[in-house]
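Notes for the one structure printed next.
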Protein chains: 2
Amino acid sequence: MARTKEFDPDAALQAALDLFWRRGYEATSMADLVEGLGIARASLYATFGSKRELYLRALERYSEQTDPVLLAELSQPGPVLPAVRALVRRYAEASAEDGLKRGCFVTNTAVELAPHDPAAARRVEASLGHLETVLTAALVRAEAQGELPAGREPRALARMLMVLMQGMRVLGKATDGAARVRDAAEQALVLLD
Amino acid sequence: MARTKEFDPDAALQAALDLFWRRGYEATSMADLVEGLGIARASLYATFGSKRELYLRALERYSEQTDPVLLAELSQPGPVLPAVRALVRRYAEASAEDGLKRGCFVTNTAVELAPHDPAAARRVEASLGHLETVLTAALVRAEAQGELPAGREPRALARMLMVLMQGMRVLGKATDGAARVRDAAEQALVLLD
DNA sequence: CCCCATCTAGACCGTTCGGTCCAATATCGG
DNA sequence: CCGATATTGGACCGAACGGTCTAGATGGGG
């Protein structure tokens, strides 16, 4: 009926994710977003509602981009333990080489917003729950396939890896975190032998 | 010569630490601090300079209160491994039962401020470095005393525990983190057997 | 080709931000 | 008891905050 949208809401959301990811919620102003997204302030509000809604949408998008990759990697047929190792190591590398010091968007949200924002807390919980579920399933399969000695506790192991991964993302934001993160990953993986 | 100070700067700093710890840097306004500290706005600036300086002082104080406890626990003569285990478990419990969802002030600072505040990054690094040093020393001693099988890597193990502890503090801020944190601690401690 | 919905840039809104200033007050030494 | 000195509450500052609104440009459907 009328004029078509001139900007790509998807690209705008991605740009918002980049900004929030790098600076966090409070430290990113609407002025920053207007400039970074390259769209009119009014369009921004018309499309996303408010700063908080935009942040939550960005968080959702982050999970949508991240979660399927995890799942795919750990669901491939055949040996599963190598995939778990690769995942943990890749996480460590990503944390160690995080030049922009962005960390993990979910981790950042857990620290900055989750304690006083129920909606943010729910999304964080959803991401962590997914990671735990996928990791646990992978380790259960590893056990069934004889890759993992019987008697281990797949869920507890998965939780341990998950907690460690959160910590890696935190250390990656501090100086000199690289060697620590790599050492931590290798030590933890010993538990999978 | 003149009027004496009417408020206790030490208590004020402690109150500031409590506020920053609970809400973070950006989400805590000077108005919040004035109210929470119970002192005049002017006195606050006269004593601490600025919001950022106050935060850094609070972080310093947090470390001063926390670090010696760690060191003392791990430096007692006799068996050292039980002390390490107790420390990790106590950390897990503190994270799991963190009703105020405060997490660790150092962790929070690492996530929120360290990436773009060099002074904050330095203090975070100092705390993490201290933790790593103390843990490593303890594990070296454990190895020397035959508590830990030879061939382990004390520093790498210490780093792994340190990273895990950061992760526990993050998970403690999310919902349903308690069981995860406890499982993670127990699994990690298996590496000390 | 023109109407109209939706876009745009940016002025504008009240509020809150971190920080400063000041007059009034309170407490010390003498 | 008084002068000197710090502290006090709160007014005040310019800037930045998140959010709204308007005027005009723009482009698709009839």
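Every chain is numbered from 1 and lettered A, B, ... according to where its sequence line falls, protein lines coming before strand lines. Treat the numbers as computed from the prediction; the structure is a model and nothing was measured.
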Could you check how far CD1 of B:I39 sits from P of D:dG9, rounded to whole Å?
-> 9 Å

Salt-bridge criterion met for A:E73 and A:R89 (N-O under 4.0 Å) = no

Euclidean distance, atom CZ of residue B:F48 to atom P of C:dG18 [Å, nearest integer] | 16 Å

Applied to residues 133-145 of chain B, the side-chain hydrogen bond (donor to acceptor under 3.5 Å, both in side chains) test, sequence neighbours excluded, yields B:R141-B:Q145, B:Q145-B:E147

Would you say the side chains of B:S29 and B:D32 form a donor-acceptor pair under 3.5 Å?
-> yes

Between C1' of C:dG18 and CZ of B:F20, the distance in whole Å = 11 Å

Are A:D193 and A:R85 within salt-bridge range, i.e. N to O under 4.0 Å?
-> yes

Interatomic distance where CD belongs to B:E53 and P belongs to C:dG19 [whole Å] = 9 Å

Qualifying salt bridge (Lys or Arg N to Asp or Glu O under 4.0 Å) pairs with a residue from residues 54-72 of chain A, counting only residues at least two apart or across chains = A:D10-A:R61, A:E60-A:R123

State which residue, out of B:Y25, B:Y62, B:F20, fulfils the ring pair (Phe, Tyr, Trp, His ring centres under 6.0 Å) condition with B:F105.
-> B:Y62

What string of B, S and - do you get for nucleotides 12-22 of chain D, 5' to 3', if B is base contact, S is sugar-phosphate-only contact and - is no contact with any protein heavy atom under 4.0 Å?
-> -----SBBBB-

